[in-house]
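Source: prediction; values computed, not measured.
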There are 2 protein chains.
Amino acid sequence: MAKFYGIGIGPGDSELVTVKASRLLGDLDIVYTPEAKKRSKSLALSIAEPYLSEQLEIKQRHFPMIASLDEKKKQWEAIAAEIVEDVQAGKNVGFITLGDPMVYSTYSYLLDILKEDIETQTIPGITSFTSMASELGQPLTMDEESFAVVPATTDVEKMDAALRLHDTVVLMKVANHLDVVLPLLAKHQLLEQTFLVSHSSSEKQIIMKGVDKLAPDSKLSYFTTMIVKKNVL
Amino acid sequence: MAKFYGIGIGPGDSELVTVKASRLLGDLDIVYTPEAKKRSKSLALSIAEPYLSEQLEIKQRHFPMIASLDEKKKQWEAIAAEIVEDVQAGKNVGFITLGDPMVYSTYSYLLDILKEDIETQTIPGITSFTSMASELGQPLTMDEESFAVVPATTDVEKMDAALRLHDTVVLMKVANHLDVVLPLLAKHQLLEQTFLVSHSSSEKQIIMKGVDKLAPDSKLSYFTTMIVKKNVL
C-alpha cells in the first residue's frame, strides 16, 4: 500500500543514511523537498541522490521559514493536500530532512496534518550533534551525566541555566548569535572546553577545539553547532 | 591500513544501522563485544549479524559495569592492550555499541586509551530516543524549544530542574527508579504527557502514551526510556 515516508538523511555524508532509509528512498515515486533555503535544498537532495531511482519525481515546494505561524500553516496545508492526493493515487511519497526528522525539522508540522488522512512512517536519522561527537572523539554524555540541546536563538537566561545544570550542552544555530554566546561561555569559564563544528561530516567540515580565539563578528555557516563540555576527555 | 572502529549500531532494528556502519562491519577481521550483560551482548551482535563476514573472529570480553572506576579502568586497559596488538598485527578491529557510541557507552573510555597508540574512527548510530520519537510521531524539539537527556539514576533535584527548564526531557534507565520518577512527573503535572518505550524498534517493543496508570513497582526492561513533553503534538 502507498505510504508517506518522512526520512532523516543524516548530517551530510551519504553513507550516514540508514540502510532502511536507503531502501525506502529507492522505492519512492515522488519526493518533496523544501526550496526555501537554496543551499539546504541542494544539500538534502545531494545526500539522498545515490539511493534515488531514475523514475523519481522531485517536487520542490516553498516552506516559508520566517513568516508568521498562521502563514506557515497555510502553506503546509496546501502541500499536505497535494501529498494526500499523491498517496491516495497509489504513489509512495517521501519528505527528506537533514539530520533527524524529529529534531528541529518542519517535517513535524507536516506529519501532524497528514497523519489523519494517510498512512505515514518516520525513519530516524543521524543528528548533527552525535555525528560531531564521533568526529571529535568526545562523548556527549557518560554514566550519570546529562546533556541538553538548546538553540542559540532562545533567550540567554535559558542557555545560562542549561550551562549550569548539564555536563554537556549542544548549542545549535550559533552563527548569528556569537555576540551573546561567547560572553556567556566566558562567564562560565568554558570557552576553551567548547568545540565548534560547521558542515559536520561533509567535505566542507570545519572543526575548532576551543573558541577563545573566535571573534564575535566571525562569519560562520548556518550549519554551525557548538558542543560545550564541562568534562573534556 | 588497519584501524580500530567504534561502530554505533542503533536501537535494535538491523536496518537502522547506517550504510557506512554496514560496510565497515563487513570489513572487520575481529569484533570485541562486552559480555557483562548477557542480554545486551546477544542483542548487539544480532543487530550487526546481517553485515558481518563469515571469517569474522568474535572476542567476547568482560566489561565490568558496577565495579569501582579504578577496577573498571584496569579491565579496559587490558582489553585496550589486546586491541592495540591486533591492529598492529594488521587486523581491522571493531567495537559495536547499541545506539550511538558517544551517548552513554563504555566505548568512550576505551577510545580514550586507544587513540594514543593506533588509528581510530568512530561511526555514529541512531539513538534510542530519536528512534522512539519517530515511532511515536512526536518531535523531540521544534523552533525555539530545547530538550535534555537525563539518566533517572541521577539525583532527583537534577531531574526536577531539567523538567522545569526544557520543553522535552528524555529520561533514560527509568526501570528501577519509578518510585522517584512517577511522583516527580505527578508534581509537574506531566504524567499524561509522558511516553514510555521499552525495546525501541525491536520486535519486543512496548509503547505507552501517558504513564498515569503505571504502578511504581512495575517490572520494566533495562532498555526503557521515557519522553516527557510539555507540548504534545
- Hey, which of B:L140, B:D143, B:I123 has the most heavy atom pairs under 4.5 Å with chain A? B:D143

- Item | Check: A:S14 and B:V19 side chains under 4.5 Å, non-hydrogen atoms | no

- Task: Answer with side chain, backbone, both or neither: which region of B:Y109 has an atom nearer than 4.5 Å to a non-hydrogen atom of chain A?
- Result: both

- To the nearest 0.5 Å, tell me how far B:M172 CE sits from A:S146 OG. 12.0 Å

- Query: Roughly how far, to the nearest 0.5 Å, is the CG atom of A:L165 from the CD atom of B:E157?
  - Reply: 11.0 Å

- Message: At a 4.5 Å cut-off on heavy atoms, which part of B:A162 comes close to chain A: side chain, backbone, both, or neither?
- Response: both

- Does any heavy atom of chain A fall under 4.5 Å from the side chain of B:E145, the backbone, both, or neither of them? backbone

- Message: With heavy-atom distances below 4.5 Å as the criterion, would you say the side chains of A:T18 and B:I126 are in contact?
- Response: yes

- Taking atom NZ of A:K115 as the centre, does the number of heavy atoms from other residues, nucleotides or ligands within less than 6.0 Å exceed 12? yes

- Any side-chain heavy atom of B:E144 sitting closer than 4.5 Å to one from A:D155? no

- Note: vs chain A, highest number of non-hydrogen pairs under 4.5 angstrom among B:L136, B:V17, B:L111 is B:V17

- Query: Would you say A:K230 has more than 12 foreign heavy atoms packed within less than 6.0 Å of its NZ?
  - Reply: yes

- Item | Top of A:T141, A:D100, A:V169 for chain B proximity - count of heavy-atom pairs under 4.5 angstrom | A:T141

- In terms of the angle between their ring planes, are B:F147 and A:F147 parallel, tilted or perpendicular, with boundaries placed at 30° and 60°? perpendicular

- Message: Please identify, among A:T130, A:T168, A:D167, the residue contributing the most non-hydrogen atom pairs under 4.5 Å to chain B.
- Response: A:T130

- Note on the structure: Highest number of heavy-atom pairs under 4.5 Å with chain B among A:V150, A:T154, A:T153 belongs to A:T153

- Query: Among B:Y104, B:Y51, B:Y107, which residue forms the greatest number of heavy-atom pairs with chain A at distances under 4.5 Å?
  - Reply: B:Y104

- Is the number of heavy atoms from other residues, nucleotides or ligands within 6.0 Å of NZ (A:K158) greater than 12? yes

